[in-house]
Amino acid sequence: MLDEPGMLRVVIAEDNYLVREGVRRLLEDSGEIDVVACTGNAAELLDAVRRFSPDAVLTDIRMPPGHHMEGIEAARAIRATYPDTGVVVLSQHADESYALALFANGSAGLGYLLKDRIGDLEDLVHALREVRVGGSVIDPQIVDTLVRRRRTVAASPLADLSPRELDVLREMAQGRTNAGIEQSLYLSSSTVEKHVNAIFTKLRLPAAGVHRRVAAVLAFLQSDSNPAAVEERDR
């Protein structure tokens, strides 16, 4: 894991000029982000990462020429070649299949946020800082969708979680530490610790470091070994 720097050097990839410039100005106005390059397609993004070695990348999921999943493919290439560079993928689609595709080969250093989050500067900067140190961030709406789907499967251990434990699980999936969860949900340290331990016990997940536990949660959410889950997913 890398030490968290004071100012993040970021490359933005977005084919819409107005959105790209708006995000650039928003991030630079935060005083925490130095936007070193802005690009309009995946090829330019990969070239900018090679030339500028940024701390993190913020990329649209769909870009020219195909407007399919170029952002996800670029994220995979960047993580494989530049493991110290985190990548946050922005999407306008609340379809969890895109997030699962992004995390298919591992979640370290990757984030998936809906474009609605652009308006929340604090969340956006948090996500960039989290992936920069090897963490993972998933949009809460996507986590909610995954959790609801898994809870509909009778055999899913998610059905055993209490509403408050699900709240804590969502915060964990966004890469928050116990201290961050305390602040976000207005809970005491001991209460958060109790909920986290209960979640790991009920989901049969090991309680390791913050990033490992997010990866473990993701791995669980993505696992469809139960035939009923597959049937439910494909409806």
Side-chain angles (χ1 to χ4, degrees), residues 1-6 8 30 32 56 86 88 94 96 99-100 102-103 106-114 116-226 229 232:
M1 182 182 301
L2 300 174
D3 295 332
E4 186 174 346
L8 285 185
S30 73
E32 300 183 51
V88 173
E96 71 275 16
L100 297 181
L102 176 64
F103 298 120
S107 59
L110 292 171
Y112 184 93
L113 295 179
L114 298 181
D116 294 347
R117 303 295 165 191
I118 289 177
D120 193 327
L121 181 58
E122 183 177 350
D123 281 356
L124 197 56
V125 173
H126 164 75
L128 289 168
R129 288 199 176 281
E130 195 64 28
V131 299
R132 186 266 185 275
V133 296
S136 305
V137 178
I138 312 175
D139 194 281
Q141 187 173 338
I142 299 298
V143 175
D144 285 345
T145 301
L146 288 166
V147 169
R148 281 198 303 272
R149 178 162 295 164
R150 296 289 297 187
R151 290 195 78 183
T152 60
V153 180
S156 172
L158 277 176
D160 296 332
L161 299 186
S162 69
R164 181 53 89 185
E165 288 165 353
L166 285 172
D167 291 339
V168 173
L169 177 62
R170 293 187 186 95
E171 297 295 322
M172 288 167 52
Q174 295 177 64
R176 299 197 191 286
T177 63
N178 280 12
I181 297 173
E182 293 169 29
Q183 295 177 355
S184 179
L185 299 181
Y186 303 101
L187 298 175
S188 68
S189 175
S190 60
T191 299
V192 170
E193 185 175 354
K194 182 187 70 174
H195 286 317
V196 169
N197 289 334
I199 290 168
F200 283 131
T201 297
K202 291 180 180 179
L203 300 186
R204 299 183 290 279
L205 295 172
V210 59
H211 305 310
R212 289 182 179 177
R213 70 185 193 179
V214 172
V217 172
L218 283 168
F220 172 80
L221 292 172
Q222 294 177 55
S223 67
D224 285 334
S225 57
N226 187 320
E232 179 67 25

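Just so you know, these numbers use all the heavy atoms, side chains as well, and skip hydrogens, waters and symmetry mates. All figures in this text were calculated on a predicted structure; none of them were measured in a lab. FYI, the numbering just counts along the sequence from 1.
In terms of the side chain to side chain donor-acceptor pair (under 3.5 Å) criterion, residue partners of D167 (sequence neighbours excluded) are, by chain and number, R164, R170. When the side chain to side chain donor-acceptor pair (under 3.5 Å) test is applied to S188, the partners found at least two apart in sequence or on another chain are S190, T191. The side chain to side chain donor-acceptor pair (under 3.5 Å) search around S184 returns E171, not counting sequence neighbours. D116 is linked by a side chain to side chain contact (heavy atoms under 4.5 Å, CB included) to nothing, counting only residues two or more places apart in sequence or in another chain. Legend: residues meeting salt bridge (charged side-chain N to carboxylate O under 4.0 Å, His left out) with E182, ordered by chain and number and at least two apart, are absent. Here E32 pairs with R129 under the side chain to side chain donor-acceptor pair (under 3.5 Å) rule; sequence neighbours left out.
Of all non-hydrogen atoms in L161 and E165, the two that sit nearest each other are CA-OE1, 3.3 Å. Contact detail for G111 and L102: the closest heavy-atom pair is O-CD2, 3.5 Å. Contact record, L121 with S30: CD2-CB, 3.7 Å, taken as the closest heavy-atom pair. Taking each heavy atom of N178 and V196 in turn, the nearest pair found is OD1-CG2, 3.7 Å.
How far CG of L113 is from CG of L124: 7.0 Å, rounded to the nearest 0.5 Å. A distance of 7.5 Å separates CD1 in I199 from OG in S162, rounded to the nearest 0.5 Å. Interatomic distance, NE2 of H195 versus CG of L187, reported as 5.5 Å (0.5 Å rounding). Between T177 atom OG1 and Q183 atom CD the span is 7.5 Å, to the nearest 0.5 Å.
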Quiz item: Between V88 and V137, does a side-chain contact (heavy atoms from CB on, under 4.5 Å) hold up when you go through it step by step?
Solution: CA-CA 8 Å; V88 173; V137 178; over 6 Å; no
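Distance alone, capped at 3.5 Å, is enough to place a donor-acceptor pair between the S136 side chain and the S107 backbone.
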